[in-house]
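Proteins come first, then strands; the chains are lettered A, B, ... in the order of their sequence lines, and each starts at number 1.
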Protein chains: 2
Amino acid sequence: MAVDREHVLRSAADLLTRKSTATMDEVAKAAGISRATLHRHFAGRDALVRALESLGIEECEAAVDAARPDEGPASDAVRRLVRELQPAAGLLAFLYGESQLWEGEPQNDGWAHLDARIGAVFQRGHHSGEFRVELTPAWLTEALYGLIASGAWAVQDGRVAARDFPTMVAELLLGGALRRETSHVPKESSRDREIG
Amino acid sequence: MAVDREHVLRSAADLLTRKSTATMDEVAKAAGISRATLHRHFAGRDALVRALESLGIEECEAAVDAARPDEGPASDAVRRLVRELQPAAGLLAFLYGESQLWEGEPQNDGWAHLDARIGAVFQRGHHSGEFRVELTPAWLTEALYGLIASGAWAVQDGRVAARDFPTMVAELLLGGALRRETSHVPKESSRDREIG
DNA sequence: TAGAAATGAGACATCAACGTCTCATGTGCG
DNA sequence: CGCACATGAGACGTTGATGTCTCATTTCTA
């Protein structure tokens with residue numbers, strides 16, 4: 001009976017990832033509930049997007065936690081990060097596009113916290129000498145979001161296989177960020193394969 | 001008297017890059033004309049976006065031409081390409097986001113032509129052994145668009161300096177695509193500096 | 001200069017999405 | 001069983017953007 005708020009948000013995320021301009025009616029239908037009920041749980045479109053924003057931040061924070069960003073080489077941390085972020089990639093792509101519209105509005109500062117955590121990984125890579133200093137942490141963070149969004153869309157349109165997503169994103173990003181002498185990009189250490 | 005169609009399109013591109021949901025009224029104001037006149041030149045919002053699409057394709061094609069994609073090392077071709085594409089980056093970012101909405105609609109197949117030309121550069125890099133084969137040309141092309149869009153937004157929000165745009169985008173992209181033994185990224189050859 | 005053409009300003013109807021509301025139905029719980 | 005509550009369906013008014021139209025004004029041109 002009681003609507004599963006989580007399920008509604010997941011459905012909305014799925015739909016809005018594919019069609020960011022979807023109607024409240026479409027969102028409701030996608031979740032299998034009526035528009036009235038949708039409005040009972042989310043005061044309006046804004047409230048829904050805010051909720052999705054919170055969900056996205058939660059998922060990303062959880063992904064960063066799971067990626068153990070402070071452990072081992074920064075490059076491995078980035079690989080883990082991309083892998084952990086993949087489930088949230090679609091939602092992230094939607095929110096990344098949406099964020100271009102919030103001009104001066106009081107946006108959720110959860111993003112700032114997330115940016116800082118991710119930026120710290122790149123910064124760590126700089127200090128350890130793993131990453132090239134020409135590319136700033138801020139830009140690498142931005143590029144990570146951008147590549148994840150591009151990857152999510154490419155997967156959705158069938159231009160990239162879902163199973164290749166982590167490799168495509170992480171190896172492209174790292175190749176640019178990683179300073180290394182050899183052309184061989186190491187496989188992920190076996191320790192990092194327990195999940196994938 | 002006669003409205004400068006080019007100027008209207010430029011203004012619209014500038015505005016829509018910053019605010020993709022801008023109203024026809026806002027577009028008109030940004031171009032310094034009345035909404036009525038805007039409608040006289042572009043039958044509606046769709047027509048305007050179509051025109052912007054054509055403009056974007058034109059500019060990209062011109063940029064690819066100017067980048068001499070078949071000359072010299074593929075990596076240098078990519079650097080030239082990014083540099084030539086920078087002026088169109090904002091428009092490209094808008095259209096890239098917009099393209100996520102056209103599901104099955106008959107989109108301008110000028111994009112296919114452009115994709116093919118850009119993809120060919122990466123393919124050339126694969127065949128010559130410059131680029132890593134793990135990253136497909138299709139993905140590299142997608143990533144190029146994504147990074148240009150990310151770069152355009154980062155510049156607009158002041159997170160990246162405009163003058164650093166070509167370096168940030170090209171070096172990140174190439175570092176991932178380029179197979180090289182040394183960590184030193186070569187400066188652009190002096191031949192390529194005549195424009196920048 | 002006079003006519004033709006283009007523009008600006010604004011009125012107007014239309015339409016789609018929104019948000020609110022009501023009422024009947026169905027489900028869970030005491 | 002009977003009550004309370006959540007839902008579904010749909011009506012309703014509102015809003016914002018769109019597209020069309022008119023008319024006075026300005027600008028170009030013959």
When rounded to whole Å, the NZ to P distance for the pair Lys29(B) and dA17(D) reads 11 Å
Residues at least two apart in sequence or cross-chain that pass side-chain contact (heavy atoms from CB on, under 4.5 Å) with Glu59(B), listed by chain then number, are Arg10(B), Leu55(B), Ala88(B), Leu91(B)
Numerically ordered, the residues 9-20 of chain B set in heavy-atom contact under 4.0 Å with DNA chain C is none
Hits for side-chain contact (heavy atoms from CB on, under 4.5 Å) against His127(B), two or more places apart or cross-chain, chain-then-number order -> Gln123(B)
Sorted by chain and residue number, the salt bridge (charged side-chain N to carboxylate O under 4.0 Å, His left out) partners of Arg5(A) (sequence neighbours excluded) come out as none
- Query: Below 4.0 angstrom from OP1 or OP2 of dG8(C), is there any side-chain N or O of Ser34(B)?
  - Reply: yes
According to a strict under-4.0 Å criterion, is His41(A) in side-chain N/O contact with OP1 or OP2 of dT7(D)? yes
The complete set of salt bridge (Lys or Arg N to Asp or Glu O under 4.0 Å) pairs with one or both residues in residues 87-98 of chain B, sequence neighbours excluded, reads none
Contacts of Ala143(A) meeting side-chain contact (heavy atoms from CB on, under 4.5 Å) (sequence neighbours excluded), chain-then-number -> Trp139(A), Leu173(A), Leu147(B), Leu172(B)
Given protein heavy atoms under 4.0 Å, the one-letter contact record of nucleotides 15-23 of chain C, with B base, S sugar-phosphate only and - none, is simply --SBBBBB-
When rounded to whole Å, the CZ to P distance for the pair Phe42(B) and dT20(D) reads 15 Å
For residues 58-101 of chain A, the ring-ring contact (aromatic ring centres under 6.0 Å, His included) pairs (sequence neighbours left out) are Tyr96(A)-Trp153(B)
Residue set satisfying side-chain contact (heavy atoms from CB on, under 4.5 Å) with Ala161(B), at least two apart, ordered chain then number -> Arg163(B), Asp164(B)
Exactly one of Glu171(B), Glu84(B), Glu71(B) clears salt bridge (Lys or Arg N to Asp or Glu O under 4.0 Å) with Arg79(B), and that residue is Glu171(B)
Leu38(B) CG to dG19(D) P, in whole Å, measures 10 Å
